Amino acid sequence: EYLLSGPALTNWNELLRIREAVSKVLEEARREKVIGSSLEAALHLIPLNAETTKLLQTYADQLPSVFIVSECRIEAWNGETPISEQVYLS
């Protein structure tokens, strides 16, 4: 049995919140037949703040398993990506 507390629990709660948003995007891609399954997806995450960037970088090696995708990249936001291509997390 594993117990999480303190910062680890906070981090994983945030990762699961992000996963929920990512899952919605992946499901839409499946419905539109862009992908057949989430494992066909290469996920590009563009965090909009330093705290989320640090969290994602901390768990970078585990993110493909967390999001159930083949690849997960963390990219810097350039301020120019159209809103329609982003999932905003507040």
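Predicted, not measured: the structure shown is a model, and the values here were computed from it.
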For the student: nearest non-hydrogen atoms of Arg19 and Phe67, plus distance: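 Shortest heavy-atom contact: CA-CE2, 3.4 Å.
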Heavy-atom closest contact (Ser70 atom, Leu39 atom, distance):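 Nearest heavy atoms, Ser70 then Leu39: CB-O, 3.1 Å.
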Derivation of the side-chain contact (heavy atoms from CB on, under 4.5 Å) call for Leu56 and Ile18: CA-CA 10 Å; Leu56 293 172; Ile18 294 169; 4.2 Å; yes
Pairing of Glu27 and Arg30 as salt bridge, 4.0 angstrom limit: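 Here Glu27 pairs with Arg30 in a salt bridge, since their nearest N and O are under 4.0 Å apart.
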Arg31 bridged to Glu28 by N-O distance under 4.0 Å: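 Judged by the 4.0 Å cut-off on N to carboxylate O distance, Arg31 and Glu28 do form a salt bridge.
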Among Asn11, Ile74, Val66, the one residue meeting side chain to side chain contact (heavy atoms under 4.5 Å, CB included) with Tyr59: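 Of the listed residues Asn11, Ile74, Val66, the side chain to side chain contact (heavy atoms under 4.5 Å, CB included) partner of Tyr59 is Asn11.
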Verdict with reasoning, Glu51 to Lys54, per salt bridge (charged side-chain N to carboxylate O under 4.0 Å, His left out): CA-CA 5 Å; Glu51 185 177 305; Lys54 182 178 177 182; over 6 Å; no
Rounded distance (nearest 0.5 Å) linking atom CZ of Arg73 with atom CG of Leu63: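 So the gap between those two atoms works out to 13.5 Å.
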Donor-acceptor pair, side chain of Ser38 and main chain of Ile68, under 3.5 angstrom: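 Yes.
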Beyond-backbone contact of Thr53 with Leu48, side-chain heavy atoms, under 4.5 angstrom: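 Side chain of Thr53 against side chain of Leu48, heavy atoms only: no contact under 4.5 Å found.
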Side chains of Val22 and Leu45 in contact at under 4.5 Å (non-hydrogen atoms):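 Yes - at least one pair of side-chain heavy atoms lies under 4.5 Å apart.
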Check: Thr52/Asn49 side-chain N/O donor and acceptor closer than 3.5 Å: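 Yes.
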